[in-house]
There are 2 protein chains.
Amino acid sequence: MPGPYRWRKRVEGHFCRWTMPREAILDLLTRTSQHLTAKEIYASLLQLYPGIGLTTVYRTLDLLEKSGLIKKFNFGRGENRYEFASENKPHHHHLICTKCGQIIDYSDFANEELELVKKTAKHLAEKYKFIVHDHNIEFYGLCQQCQKRQ
Amino acid sequence: MPGPYRWRKRVEGHFCRWTMPREAILDLLTRTSQHLTAKEIYASLLQLYPGIGLTTVYRTLDLLEKSGLIKKFNFGRGENRYEFASENKPHHHHLICTKCGQIIDYSDFANEELELVKKTAKHLAEKYKFIVHDHNIEFYGLCQQCQKRQ
DNA sequence: TTATTAATGAAAATGGTTTTCATTATCATA
DNA sequence: TATGATAATGAAAACCATTTTCATTAATAA
Ligand SMILES: [Mn+2]
Ligand SMILES: [Mn+2]
Ligand SMILES: [Zn+2]
Ligand SMILES: [Zn+2]
């Protein structure tokens with residue numbers, strides 16, 4: 001019920017009404033570096049905001065994604081994961097451990113990668129008349145811990 | 001019940017027993033250029049093999065994927081899609097239309113891409129002690145038809 | 001303050017996938 | 001070729017992330 005609505009101004013125009021659950025969900029995502037599922041977000045907010053519903057979490061995540069404030073990922077483990085996105089935050093991709101599910105953000109070789117991505121996107125636009133809006137790059141393998149334990 | 005079991009020899013060692021459903025599913029995937037869902041495979045085989053069960057399709061796809069004969073993709077539309085994979089088949093990535101779901105294979109700039117991927121993988125191995133086994137690149141956007149209609 | 005109606009949350013529904021379990025079919029062995 | 005051990009199958013039920021429904025609540029404009 002409280003809430004200074006820190007995000008209201010930055011979010012104006014995207015939403016008809018700005019509410020407590022929306023504030024809480026967006027705020028949580030801006031504070032964590034993790035890639036959370038809807039259930040994890042729900043569980044985390046339940047302490048602060050006992051009345052919140054999982055349905056609202058799903059609906060809010062959809063809205064936030066559609067307005068470009070967050071990004072949705074499916075790392076192939078059944079549930080979607082979300083992370084905050086903004087212009088300030090540097091463009092990055094993911095390293096996914098196929099054993100434990102750990103996700104590492106990396107942005108190495110961002111320039112070279114961007115160059116290749118741009119070039120490819122331009123080429124694909126010509127060859128297939130396909131307009132590229134976004135791209136996704138991910139590496140799959142084993143994290144350090146999972147290499148150790150066999 | 002018939003079936004010359006065309007794939008048995010190439011598949012030896014991966015499976016305890018080679019069966020009609022396994023032959024049929026693998027054969028279908030080698031014959032199509034599409035990225036099929038379990039249900040699509042099931043529907044397609046039902047004509048040829050009326051007794052087949054969707055459960056078996058799911059189980060077989062898991063096995064085929066684990067033995068590296070096919071690849072599993074989640075293009076963010078709820079169901080997984082599968083495609084045949086082999087050394088002969090050139091390495092490629094995907095262009096996904098976010099409106100109609102069409103999937104286009106492309107392998108342009110494969111050399112440059114592979115170079116960057118290798119370099120990045122090596123760097124990530126050093127920096128994060130992460131062993132890269134595979135990678136995935138996809139472009140999202142609008143196909144030609146979907147650009148036209150609106 | 002009030003009225004409008006967008007947003008919420010509980011419960012039920014949905015849909016892809018997995019599990020269970022009795023039956024069937026494969027294949028090594030005789 | 002016949003046989004037995006057991007891997008594989010398929011129908012039904014369970015599972016689980018997500019969506020839909022609908023009565024209630026709360027945000028905002030007037
Ligand atoms: Mn990330
Ligand atoms: Mn493909
Ligand atoms: Zn790991
Ligand atoms: Zn399209």
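Here is the naming used below: chain letters follow the sequence lines, and residue numbers restart at 1 for every chain. Heavy-atom basis, side chains included; hydrogens, waters and symmetry copies ignored.
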Counting just side-chain N and O atoms, does Y58(A) come under 4.0 Å of either OP1 or OP2 of dT14(C)? no

From dG9(C), dT28(D), dC27(C), pick the nucleotide closest to the side chain of R17(B)? dC27(C)

Base, sugar-phosphate, or nothing: which does T19(A) touch, judged by heavy atoms less than 4.0 Å apart? sugar-phosphate

Given dT18(D), dA8(D), dA27(D), the nucleotide with the shortest approach to the side chain of Y5(A): dA27(D)

Nearest to the A38(B) side chain among dT17(C), dG9(C), dG10(D), which nucleotide is it? dT17(C)

Return the value, rounded to whole Å, for the distance between atom CG of L63(A) and atom C1' of dA6(C). 11 Å

Rounded to whole Å, the OH-C1' distance (Y42(B) to dG15(C)) equals 15 Å

I want to check one thing: is the phosphate of dT19(D), taken as OP1 and OP2, less than 4.0 Å away from some side-chain N or O of R59(A)? no

Phosphate oxygens OP1/OP2 of dA17(D): is one of them under 4.0 Å from a side-chain N or O of N80(A)? no

Establish, from distance only, whether the side-chain atoms of D105(B) and H94(B) form a donor-acceptor pair under 3.5 Å. yes

Report yes if at least one side-chain N or O of T55(B) is closer than 4.0 Å to OP1 or OP2 of dT17(C); otherwise report no. no

How would you label the contact of R77(A) with the nucleic acid (heavy atoms, under 4.0 Å): base, sugar-phosphate, or nothing? nothing

Taking the side chain of Y49(B) as heavy atoms from C-beta outward, which of dA8(D), dA7(C), dG10(D) is closest to it? dG10(D)

Before you tell me yes or no, could you show the steps for L61(A) and I41(A) under side chain to side chain contact (heavy atoms under 4.5 Å, CB included), namely the whole-Å CA-CA distance, both residues' side-chain angles and the distance that decides it to 0.1 Å? CA-CA 10 Å; L61(A) 289 170; I41(A) 292 167; 3.9 Å; yes

Return each pair, listed once, that meets salt bridge (Lys or Arg N to Asp or Glu O under 4.0 Å) where at least one residue sits in residues 59-73 of chain B; pairs must be two or more places apart or across chains. K71(B)-D134(B)

Closest to the 5' end of DNA chain C, once T37(B) and T60(A) are matched to their nearest nucleotides, is T60(A)

For the pair E112(B) (side chain) and F109(B) (backbone), establish whether a donor and an acceptor sit closer than 3.5 Å, ignoring hydrogens and angles. no

Nucleotide nearest I52(A) when distance is taken to its side chain, options dC27(C), dG9(C), dT17(C): dG9(C)

Figure out the CE/P separation between M20(B) and dT26(C), and round it to whole Å. 10 Å

Quick one: on DNA chain C, does D62(B) or C16(B) contact a more 5' nucleotide (nearest heavy atom)? D62(B)

Decide whether H135(A) and H93(B) meet the rule of one side-chain donor and one side-chain acceptor closer than 3.5 Å. no

Send over the distance from L54(B) CG to dG15(C) P, rounded to a whole Å. 14 Å

